[in-house]
Structure formats: structure tokens, C-alpha cells
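Written below as C-alpha cells is the structure these notes are about.
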Number of protein chains: 2
Amino acid sequence: MTDEKDFLSGYDPGDFPAFAVTADVVLLTMRAGRLCVLLIERGGPPFKGMWAFPGGFVKLDENLDQAASRELQEETGISGIDLTQFASYGDPDRDPRMRVVTVSYLAVVPDLPSPQASTDAAKARFWPVDDVEGTLAFDHDRILGDALSHLRTVVEYSPLAASFCEREFTVADLRRVYESIWGVDLDPSNFQRKVLGIDDFLVPTDRQSSSSAGGGRPARLYRLGKVSELRPPILPPD
Amino acid sequence: MTDEKDFLSGYDPGDFPAFAVTADVVLLTMRAGRLCVLLIERGGPPFKGMWAFPGGFVKLDENLDQAASRELQEETGISGIDLTQFASYGDPDRDPRMRVVTVSYLAVVPDLPSPQASTDAAKARFWPVDDVEGTLAFDHDRILGDALSHLRTVVEYSPLAASFCEREFTVADLRRVYESIWGVDLDPSNFQRKVLGIDDFLVPTDRQSSSSAGGGRPARLYRLGKVSELRPPILPPD
DNA sequence: ACAGTTTTTGTCATACCGACTATATCTGTG
DNA sequence: CACAGATATAGTCGGTATGACAAAAACTGT
């Protein structure tokens, strides 16, 4: 067996392949019923002019979660939201300049009024995911695909989908989130029965939404409850 | 904004915090109805005499999956099994000697006849997970906890639990896997109806198991089908 | 007033689930 | 060889969840 075997016992600190480690954030939101992702345009080579996720080097005195939070805060002004790690990427040629391993996080926010513009970055904006698939810098296309796949699965069993909605939202708001994520149409009646039947998922308020343009009955407003796992799960149709 | 912001465009290669990157493998199996994990005893400091997962440095010319496969092969002789990445860990003090980020993989195998002994490592063995929780080197207790939590969730929706069984196995074999993973008792009759009702999950053979000591009707043998997602999922009781 | 829209409740047949019973088929023992 | 004990497998039954659909409620705009 090689000397790699006892790597944890007999080596000199400093005697190891040196990697750069970054934390990337796939920040998703819903705009006009379309799933959108926050991207930053690259100002220099490689991949100059292409778009990539916000992210950056992990510092020597912070952990991975902190690095992701900090980078998101620095580049978008957003803080206080849930970041969940979903995968790491380290192919040898994923960055032509050096060996980089990136730890990827998924974040979900409601449609942002304009905090986006408050940063100095004129080159940061949301893109509909269908409009950018296959065009991103580095291996970010693959990362985006994995993030979306992860999202489609996670919303079945966790209340994450509600993070796309404002603090108070209607059942129809939530239904449209699921429809966008899965790319399907859901029966409003059956969806309502299902989500309201899950304990501690949606807690009703005494308020209701002003009916949107084009009419329709106003809908009751709900807040996200304290549920952590949806039982039974919300499964997509066949 | 700091210069971290444009980390992908304007820096000198080599001008970044240097990390060691390792791939660890949490290899699980089932022995006598108990969930067991493969561990290696540490021969030197730090954590000398304690037990840790197999794993080692990622090389500069291989990707993360390859590193995990190679380390598993080198340290246990096992190859050709599914390795799925489930989380990465990089707290600043997780290794007292240097800054290490580890990418963790989960592997599941049937009870091994003895391939284990074929390696030179007299210090490698399987431990029941209940007997080692809270005693591992580094942050491997946390990693093991996350791996088990991941396992308990994944077996609900994927056929991964069948990887604990031999190539041909009975419904009762599979049921005992779920019972061990979840720590519950399942009704044999209802479990049978459920798993046989999932398309392409279990494909029957024309053979049956020799009835075990103590008697009992022999059970039909099945092979794992080509299903990738269990619909409906197999959910644990309340 | 009326058409159009959306929310919300209700109906109904079917599928699924947990608890339980019954039957099939083996081992081991006297 | 009869019979107890064990395990596998099939079936029953009531309660619950589900999908397709109908209907009523409550708004907007003309």
C-alpha cells in the first residue's frame, strides 16, 4: 500500500497538494412565475463576459458556512437567510488557472424589491434559469443543474418552497412555486386540500390578499408554520 | 467591497489560502442485524489510538469521486461499488495540524466475507455504529451522524437499502435492513405488499432461500430491479 | 347586471395504509 | 409421522389519501 494510506499520521505539515477552496451560492428566486438565479458577469479572463455564481475564497479563519454567508452578504447585501450546502466540485480542470474545490450552497429568497441594486455591482442580476442553461462560466452549468435537481426533490419533503414566498402568502402563491419548480400544472383544489392537511405547515392569518388584476376571489393569507418535514410529502404528478 | 469580490478575475495564481483536500468514505454494512461502519485505527498523533474513516488526500490529477474510489480501493480492496457524495466539512480546527477540507462519501455493501483481511491493515475493522458514536477521531462523529441521517432519508425514496443485501435476497432480508436503519419494527405482511407493489424494484427469481435455523417457510429470492426512485416512497412509521 | 376569474368547499371512485387474520411451508422434536 | 414452532405470504377491513371533477363564493371590469 502506498504512503497515502497513513496520511493522517505520518507526514510533514505543508507536504500535501495545495488546493484553493471557494464557497459558491446558487441564489434562486421567483419572478413573474419564472425560476431565476442570481449571476455575476465576469470582468476578466477566463470566461470573460460570461456569467457565474457569486462566491469566493474560504478564509483561513472561517468555516464553510460562514464563507458562503459572507460572500453572499458582500456581493448582494443579503443576509439572514438559510444557506444549505448541497454538493462540492473539484474536477482538475474546472478552473484553468489552478486547482479549486468549490463547496456549493443553495439559497432561496422571495422576489427582491431592489436590494440587488444597492450593491456596487452593476454586473449582478437575476436570470431566468431556462435562459442561461448551458451558457455559464466554469462548471456552473452542471452546478446549476444539480441545484435545480436538488431543489425539485427537497421541496417534496421540506417547506423550502415557501421560502420563495413573502412572509405572508396565499395557497395559490405556493402552488405556483411548485408549478414553476416542477414544470407542471397542479389542480388548485387538490393542492389546497393537501397543503392545508399538513400539520404546522401553513398557519392562517385573519387577513386576505387583495384580489389581483383581472378579478377573482381574494385569498386567505398564511404564514409558514414550524414544520420541518412534510408528512405526507407533496409528490409531483406522474 | 473587498478584493475578494472579483476573485475569479484579478489575482495571481498562488495568491490564495492553501488548503489540503481529502476524500473520506463512510462505508456501511449490516452484520447480524446491526449497522456497522468501517474504521481504521490511527497509528500516530493526533488522535492516536482512536478510530477514523478511510480516506486521504485528493491528488492533483484526479477528481473527487476518483479520489474516494481510489482511497477505498487502496485501504479495503473494495471497488466497483456506488459512492455518493453527501457533504463536505472544513471547520478551521477540524485538524489541529493544518487547514483541511474533506469531501465525504457514503458507500453501502453487503456483509463482506473477508475481503477486509486481504489488506495489510490489521487496524481496519467494522464497528457497530452504536458502539462508536461519540468516540471517533477529528470531527468524524459529526460526519457519521450526518451520514446516518442521510441514509435514513435516502432509503425512503431510493433503492439504496438493497445495497446492504447480497445479489439475491428475500423480502425479509430487505425488511431487516429498514428495521435496523430506522430502529423500528415493521409489519412483515404490510412491508411485503408495499415493496412488491413498487414497479421494477424487486424482480423475482425462480429460486428460494433455504430456510434458516429454527425453521420457517422458505422465502422467494429477488434481485434488485432497475428502479431509481421508489414511488410511492417507503415511509417510516410515526 | 353580467361575464370572467380565482378561491374555496364538496363529491366520488380509487388507491393506499396499518392492524389483523389466515394459510402455506419449512425445521425440529418426540 | 404427528405436531409445535417459526417464518413467508395472502387476504380482509376500516380509515385515510388521492385525482378528477362539480359547485359555490367572492372579487374585477364592462
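When each of Pro233(B) and Gln208(B) is assigned the nucleotide of DNA chain C bearing its nearest heavy atom, the one mapping closer to the 5' terminus is Pro233(B).
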Using nucleotides 28-30 of chain C, report all nitrogen or oxygen pairs with the protein that are shorter than 3.5 Å.
none

Check: protein-nucleotides 8-11 of chain D nitrogen or oxygen pairs below 3.5 Å:
unit_1	atom_1	unit_2	atom_2	d
dA8(D)	OP2	Arg175(B)	NH2	3.4
dA8(D)	O4'	Arg217(B)	O	3.4
dT9(D)	OP1	Arg220(B)	N	2.7
dT9(D)	OP2	Gln192(B)	OE1	3.3
dT9(D)	OP2	Gln192(B)	NE2	3.2
dT9(D)	O5'	Gln192(B)	NE2	3.2
dA10(D)	N6	Ser189(B)	OG	2.8
dG11(D)	O6	Ser189(B)	OG	2.7

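A donor-acceptor pair is defined here as one N or O able to donate and one able to accept, closer than 3.5 Å; such a pair exists between the side chain of Ser158(B) and the backbone of Leu160(B).
With sequence neighbours excluded, no residue forms a side-chain hydrogen bond (donor to acceptor under 3.5 Å, both in side chains) with Arg231(A).
One can place CG of Leu202(A) at 15 Å from C1' of dT7(C), the figure rounded to the nearest angstrom. Look at CG on Asp185(A): it is 16 Å from C1' on dC21(D), rounded to the nearest Å. Rounded to whole Å, the distance from CG on Asp238(B) to P on dG15(D) is 18 Å. Atom CG of Leu186(B) is separated from atom P of dA19(C) by 11 Å (rounded to the nearest Å).
Salt bridge status for Arg142(B) with Asp91(B): present, with a side-chain N to carboxylate O gap under 4.0 Å. A salt bridge is defined here as a Lys NZ or Arg NE, NH1 or NH2 lying under 4.0 Å from an Asp or Glu carboxylate O, and Asp206(A) with Arg220(A) fails to meet this definition.
In this structure, the ring of Phe86(A) has its center no less than 6.0 angstrom from the ring center of Tyr105(A).
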Next item on the list: With ring pair (Phe, Tyr, Trp, His ring centres under 6.0 Å) as the test, would you mind laying out the steps for Phe138(B) and Phe47(B) before giving the verdict?
Entry: CA-CA 7 Å; Phe138(B) 304 101; Phe47(B) 301 104; 4.7 Å; yes

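A donor atom on one side chain and an acceptor atom on the other are not found under 3.5 Å apart for Asp146(B) and Ser149(B).
The shortest heavy-atom contact between Phe169(A) and Leu224(A) is CE2-N, 3.8 Å.
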